[in-house]
Amino acid sequence: MSQSQHILTAVAWPYANGPRHIGHVSGFGVPSDVFSRYQRMAGNKVLMVSGTDEHGTPIQVQADKEGVSARELADRYNRVIAEDLTALGLSYDLFTRTTTLNHYAVVQEIFKGLYDNGYVFPRTTMGAISPSTGRTLPDRYIEGTCPICGYDGARGDQCDDCGNQLDPVDLINPKSRINGETPKFVETEHFMLDLPAFADALGSYLQAKQGEWRPNVLKFALNLLGDLQPRAISRDLDWGVPIPLDGWRDRHDKRLYVWFDAVIGYLSASVEWARRSGDPDAWRQWWQNPDAQGYYFMGKDNIVFHAEIWPAILLGYNGEGARDGKPGSLGRLGLPSEVVSSEFLTMEGRKFSSSRQVVIYVRDFLSRYDADALRYYIAVAGPESQDTDFTWNDFVNRNNGELVAAWGNLVNRSISMAAKNFGAVPQVGDLTDADRALLASSKAAFAPVGAELARSRFKNAASQALDVVRDANRYLAEQEPWKLKGDPARQQSILHVALQVVDDVKTMLTPFLPTSSNKIYGMLGGEGVWTGMPEIREVGEEGGRDYPIITGDYAGAARWEHRPIAPGTPLAPPSPLFPKLDPKVVDDELARMGGG
RNA sequence: GGGGCGGUAGCUCAGCUGGUCAGAGCAUCGGACUCAUAAUCCGUGGGUCGUGGGUUCAAGUCCCACCCGCCCUACCA
């Protein structure tokens, strides 16, 4: 094992145009938190950052629809999302937003660095704008008749009927999906990121990741290299980060493209975190230390931005593309060590769709079920390596069978017996072969389970921890401590062994189940905090506005290691850890989904 | 159109660079037990590993073709 490392956990930024649903958090939220909690327990220095992504056309469109300003809309959903992610127990060191002055400053610094090195240049292009607002009309917001197959619901970027990629200029009878008006195609000047200049650098960067990244991510990224085009990183819109060049800075009709500013959020959030921690340069440990690792968590539709565009931006800022150059004033910045992408979650066989009520928002879910139950389900049955279907039936089965019947019951029966008979953690006497075997297999599980967690293979990790649970239940069935009233010494030894294994497994499940693991820690007499939980804090910014952030003190007692339990520690009769769900909730939830 | 993923027991899925790889969990059925949220434990059945070829001493595991499902295609994780 290596020494303590600096690990940046960069979590995809949820878009603040509405509340997030469980598909979103299964992609970026739960995986990144399980990973980060494990890394902290393993003794590494984790910096986990994210925030709400608040610029761009969809937010402006939604705000117009609701008759509020983009900022008001973003304020609203920033708070909703921050509250939901906190309730899920996601241990962000800083969860901020893209509308801070700090973020604007960092984004503009990166832009200038790219510009000074020659990787960003202006170009006049043809683009669609809305005649009534003058704003860029993204291709997806234009529909019309497909010039190839005649399908009349084709979008500007692609025809859903024949599958061909289109240019919106070619659409017959194009219309805006926002308000039905006919878009105007005009010449407009935009700044382009010179992606072809990074073809070689990106190629060698990605090649070096062979065997390390999930194969689908790497294949996808390598594939993109074949056709790199300069890409516009500005838009005709007033809701975004201003372009920091003379003659552009004060224009209200040109802003940086939302994705360009969003990925830079990982850096700006790190900078903000450092400043709030009292050491403004602390972020450098995660970005400029050659031994630091950066893990980026997201859903698969984000791969292009994290495996292609973000590395290109960093290379350009560092002056490491085909045009060379030198690092900007922040200094050389590290590229992602690994891009961890989840696949997609579907809902009862269908795509998530808020308009069709095929959705369950995080908030609604957590109003009826525990965060640990959702975290567990996503970790063991989520879209880790392929698209996965969420069904209420499966959720109830796994909750009742695995969390309640296997794990919760082991905890409950062990502590209950020990509390009832001895009122304390029992002494251990001579060990039998069976005792030793169980203790050894429990202790031996730390290494493989940890290794799987470090590789973001959460299903394997959880299932190996559950194997220990099954071993322990079998052990109790074989040893039958409840029959040994006449042999208290032996009875004590058995219960001691059982409790020790409960403690071990509690440790191994902590990344998945922080809340219930904290309870078990307390039940077994643990002092202080086992694993920290996030909280919302209201903060301000010099010259800016107040806003909520998620942060927390995660330096609890939790360590990724076997911890001997102490005989004599008082035990109280336990209460169940996980509520068993009535199978009727399946029907209730399906009915809630609008007729199922 | 281009790219990617998947098709293994009733269900959900493991099976990395080819040789105990035909598995796990759940569900079913039979039995045991009672400490525990009627939880637990033991046993049982069940698959020509999508289809057709090929390479090999040996193929879910590699190659080709095909069928089916899904996803991405750059402003819905």
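Chain naming here is simple, since letters A, B, ... match the order of the sequence lines and numbering starts at 1 in each.
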Touch class at under 4.0 angstrom, heavy-atom based, for [X] against every strand present:
X: A:Y15; answer: nothing
X: A:V304; answer: base
X: A:L224; answer: nothing
X: A:R457; answer: sugar-phosphate
X: A:G23; answer: base
X: A:P481; answer: nothing
X: A:I303; answer: nothing
X: A:T346; answer: nothing
X: A:F352; answer: nothing
X: A:N223; answer: sugar-phosphate
X: A:K459; answer: nothing
X: A:F28; answer: sugar-phosphate
X: A:T57; answer: base
X: A:D387; answer: sugar-phosphate

For [N] versus [M], give the span between their [atom1] atoms, rounded off to a whole number of Å.
N: B:C71; M: B:G30; atom1: P; value: 41 Å
N: B:U56; M: B:G43; atom1: C1'; value: 40 Å
N: B:A14; M: B:C26; atom1: C1'; value: 14 Å
N: B:C41; M: B:C33; atom1: P; value: 16 Å
N: B:G46; M: B:G23; atom1: P; value: 13 Å
N: B:U12; M: B:G4; atom1: P; value: 26 Å
N: B:C67; M: B:A58; atom1: P; value: 29 Å
N: B:G47; M: B:A24; atom1: C1'; value: 14 Å

Look at [X] and [N] and indicate whether a side-chain polar atom (N or O) is within less than 4.0 Å of OP1 or OP2.
X: A:Q386; N: B:A14; value: yes
X: A:K351; N: B:C72; value: yes
X: A:K485; N: B:C35; value: no

Does this structure show an ion pair linking [X] with [Y], if we count only N-O contacts that are shorter than 4.0 Å?
X: A:R71; Y: A:E54; value: no
X: A:D364; Y: A:R368; value: no
X: A:E338; Y: A:R455; value: no
X: A:D261; Y: A:R255; value: no
X: A:D236; Y: A:K254; value: yes

Between [options], which nucleotide has the shortest distance from any of its atoms to the side chain of [X]?
X: A:M417; options: B:U37, B:C35, B:C71; answer: B:C35
X: A:T388; options: B:C13, B:U34, B:C75; answer: B:C13
X: A:R235; options: B:C35, B:C75, B:C72; answer: B:C75
X: A:R231; options: B:A74, B:C33, B:A14; answer: B:A74
X: A:S385; options: B:A14, B:G4, B:C75; answer: B:A14

task = Consider only side-chain N and O atoms of A:T391 and A:E348, and report whether a donor and an acceptor are under 3.5 Å apart.
result =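 No donor-acceptor contact under 3.5 Å links the two side chains.
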
Take atom [atom1] of [X] and atom [atom2] of [N], then tell me their distance rounded to the nearest Å.
X: A:M298; N: B:C71; atom1: CE; atom2: P; answer: 21 Å
X: A:N397; N: B:C11; atom1: CG; atom2: P; answer: 15 Å
X: A:Y361; N: B:C76; atom1: OH; atom2: P; answer: 15 Å
X: A:D236; N: B:C75; atom1: CG; atom2: P; answer: 15 Å
X: A:L345; N: B:C5; atom1: CG; atom2: C1'; answer: 16 Å
X: A:L73; N: B:C75; atom1: CG; atom2: P; answer: 20 Å
X: A:F344; N: B:G4; atom1: CZ; atom2: P; answer: 17 Å
X: A:R20; N: B:C76; atom1: CZ; atom2: C1'; answer: 8 Å

query = In a check of side chain to side chain contact (heavy atoms under 4.5 Å, CB included) between A:V358 and each of A:K351, A:R350, A:H21, which one passes?
reply =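 One option only clears the test, and that one is A:R350.
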
ask   = So, is B:G45 syn or anti if syn means the angle is within 90° of 0?
value =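 B:G45: anti.
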
query = Hey, are the side chains of A:K506 and A:W407 touching, using non-hydrogen atoms and a 4.5 Å cut-off?
reply =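 Yes, side chains in contact.
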
Under 3.5 Å between N/O atoms: give me all the protein pairs with nucleotides 39-46 of chain B, atom names plus distance.
from	atom 1	to	atom 2	distance (Å)
B:A39	OP1	A:K580	NZ	2.1
B:A39	O5'	A:K580	NZ	3.4
B:A39	O2'	A:A405	O	3.0
B:A39	O2'	A:N409	ND2	2.9
B:U40	O2'	A:R413	NH1	3.2
B:C42	OP1	A:R474	NE	2.5

query = Of A:S414 and A:D394, whose closest RNA chain B nucleotide lies nearer the 5' terminus?
reply =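 The residue whose closest nucleotide sits nearer the 5' end is A:D394.
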
ask   = 5'-most contact on RNA chain B: A:R398 or A:F305, nearest heavy atom basis?
value =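 It is A:R398, whose closest nucleotide lies nearer the 5' terminus.
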
ask   = Of A:Y266, A:F28, A:F297, which meets ring-ring contact (aromatic ring centres under 6.0 Å, His included) against A:H306?
value =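 Option passing the ring-ring contact (aromatic ring centres under 6.0 Å, His included) with A:H306: A:Y266.
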
ask   = Just by distance, do the side chain of A:D253 and the backbone of A:R135 share a donor-acceptor pair under 3.5 Å?
value =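 The answer is no, because no donor-acceptor pair under 3.5 Å joins these two groups.
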
query = Can you tell me if A:N421 uses its side chain to pair, donor with acceptor, with the backbone of A:M417 under 3.5 Å?
reply =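 Yes.
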
query = What dot-bracket string describes RNA chain B from 5' to 3', counting Watson-Crick and G-U wobble pairs whose defining distances are under 3.5 Å, with [ ] for crossing pairs and | for pairs to another strand?
reply = (((((((..((((.....[...))))..((((.......))))......(((((..]....))))))))))))....

query = How about A:F458 and A:F35: are their ring centres within less than 6.0 Å of each other?
reply =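 No - the distance between ring centres of A:F458 and A:F35 does not fall below the 6.0 Å cut-off.
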
query = Taking the six-membered ring for Trp, are the ring centroids of A:F198 and A:W310 within less than 6.0 Å of each other?
reply =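 Not under 6.0 Å, so no.
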
ask   = Is the charged tip of A:R235 near the ring of A:Y257: under 6.0 Å from the six-membered ring centre and within 45° of its axis?
value =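 Verdict for A:Y257: a cation-pi partner in A:R235.
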
